[in-house]
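Worth saying up front: this structure is predicted, and the values here are computed from it rather than measured.
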Amino acid sequence: MSLDPADQRQHPRIPTILRVDYAHGRPLRDVTENLSAGGFFVQTEQLFAVGDELRLALSFPGLLDPVEVGGTVAWVRIAAPDQPGGVGIRVESEQDRRRLGDILSAAGPNDSAVTPSEQDGFRVLIVEDNPHIIEMYSYVLKKLASNDLHGKVPLEVHFAPDGHHALLRLREDRFSLVMLDLYMPVMDGFALVERIREEEELKGIPVIAISAGGKEAQERAMQLGVDIYLRKPVRFVEVLETVKQLLRIR
């Protein structure tokens, strides 16, 4: 049964993808879909019931340190072909609401100059073999860099068609974030993640997997060291909006 109380719309919701780690050691990490001062939605296949109380840590690899908040499952969304299932979390503690508010405030418009730590910019490597997806990524990322960040945080985007070429690029240059598909020719994403986590110079790079694989693929990817797992079809603009907001936080 899907419950959708009216109070979930009391606060404006911002599309935001953050990693969700559970305080009580649940085996899988999940991700948020949106965020507001009063709560957030978590994409998950794990079984929760309305009224369950949870303690969660929200973070984004390499950009936002974990922020711990507590909340109650207020409603449940059943998975459908065009959207993942999940739960709406209502946050009632004033302290935890302030923590969410701090994230939202920091992610808002910021006209300050670039700090010295940002001088080198932000470099993303996208590993994908589908030319149509690459074209879409290229368009949106270039728009993000030129129009939304206004040059305040330099953003470079690079592409590799498979894990083999990606590994060569990673060994040659510095990257802030890797976004990859799991199913590719030559060297797939699973093998690439494994190699990244094995090599001393690369193991600290945040990795986001965007894949059509199901729960088994997610579990395997997480065990190998993926930080965030998103299922296709994903609204990539939400990923970019999240990165844009978190660059401001950084």
### Task
Check whether any side-chain N or O of Arg231 sits under 3.5 Å from a backbone N or O of Gln218 as a donor-acceptor pair, and report yes or no.
no
### Message
If hydrophobic clusters are built from ILVMFWY residues whose side chains come within less than 4.5 Å, do Leu168 and Val124 share one?
### Response
no
### Distance (rounded to the nearest 0.5 Å) between Tyr229 OH and Glu219 CD
10.5 Å
### Query
Distance from Ile205 atom CD1 to Arg174 atom CZ, nearest 0.5 Å?
9.5 Å
### Query
Quick one: does NZ or CZ of Arg13 land under 6.0 Å from the six-membered ring centre of Phe41, within 45 degrees of the ring axis?
no
### Message
If I take atom NE2 from residue His158 and atom CD from residue Glu172, how far apart are they, to the nearest 0.5 angstrom?
### Response
11.5 Å
## Note on the structure
The reported gap from CD1 in Ile89 to CG in Leu35 (rounded to nearest 0.5 angstrom) is 12.0 Å
### Task
Test salt bridge (Lys or Arg N to Asp or Glu O under 4.0 Å) on Asp227 and Arg197 and set out the steps.
CA-CA 11 Å; Asp227 293 289; Arg197 295 308 182 219; 3.0 Å; yes
### Task
Run the salt-bridge test on Glu201 and Arg171 with the 4.0 Å N-O cut-off and return the result as yes or no.
no
### Query
Quick one: do the Tyr183 and Asp129 side chains pair a donor with an acceptor below 3.5 Å?
no
### Criterion side chain to side chain contact (heavy atoms under 4.5 Å, CB included) on Arg77 and Glu33, from CA distance to verdict
CA-CA 12 Å; Arg77 186 176 76 190; Glu33 184 175 293; 2.9 Å; yes
### Query
If you look at every heavy atom in Phe48 and Val76, which pair is closest and at what distance?
O-CG2, 4.2 Å
### Task
Answer yes or no: is there a side-chain heavy-atom contact under 4.5 Å between Val20 and Leu58?
yes
### Query
Roughly how far, to the nearest 0.5 Å, is the CG atom of Leu224 from the CZ atom of Arg195?
13.0 Å
### Trace of the side chain to side chain contact (heavy atoms under 4.5 Å, CB included) decision for Tyr137 with Val157
CA-CA 9 Å; Tyr137 287 1; Val157 183; over 6 Å; no
### Task
Mark yes or no for whether Ser176, through its side chain, and Arg123, through its backbone, hold a donor-acceptor pair below 3.5 Å.
yes
### Euclidean distance, Ile196 CD1 relative to Glu198 CD, rounded to 0.5 Å
10.5 Å
### Query
For the side chain to side chain contact (heavy atoms under 4.5 Å, CB included) test, which of Ile103, Thr32, Asp65, Ile208 pairs with Phe60?
Ile208
#### Entry: Heavy-atom closest contact (Val67 atom, Arg99 atom, distance)
CG1-CB, 3.8 Å
### Message
Show the nearest heavy-atom pair for residues Leu170 and Leu202, with the distance to one decimal.
### Response
O-CD2, 3.4 Å
### Task
Check whether any side-chain N or O of Arg90 sits under 3.5 Å from a backbone N or O of Gly38 as a donor-acceptor pair, and report yes or no.
no
### Message
Please find the pair of heavy atoms, one from Val178 and one from Val127, that lie closest to each other, and give the distance.
### Response
CG1-CG2, 4.2 Å
### Task
Grab the two heavy atoms, one from Ser59 and one from Asp21, that are nearest each other, plus how far apart they are.
OG-OD2, 4.2 Å
### Query
Hey, any chance Val186 and Leu182 share a hydrophobic cluster, counting ILVMFWY side chains that come within less than 4.5 Å of each other, even indirectly?
no
### Query
Where do Leu18 and Phe40 land on the side chain to side chain contact (heavy atoms under 4.5 Å, CB included) test, with the steps shown first?
CA-CA 10 Å; Leu18 300 175; Phe40 48 92; over 6 Å; no
### Query
At their closest point, which heavy atom of Pro61 faces which heavy atom of Ile228, and how far apart are they?
CD-CD1, 3.7 Å
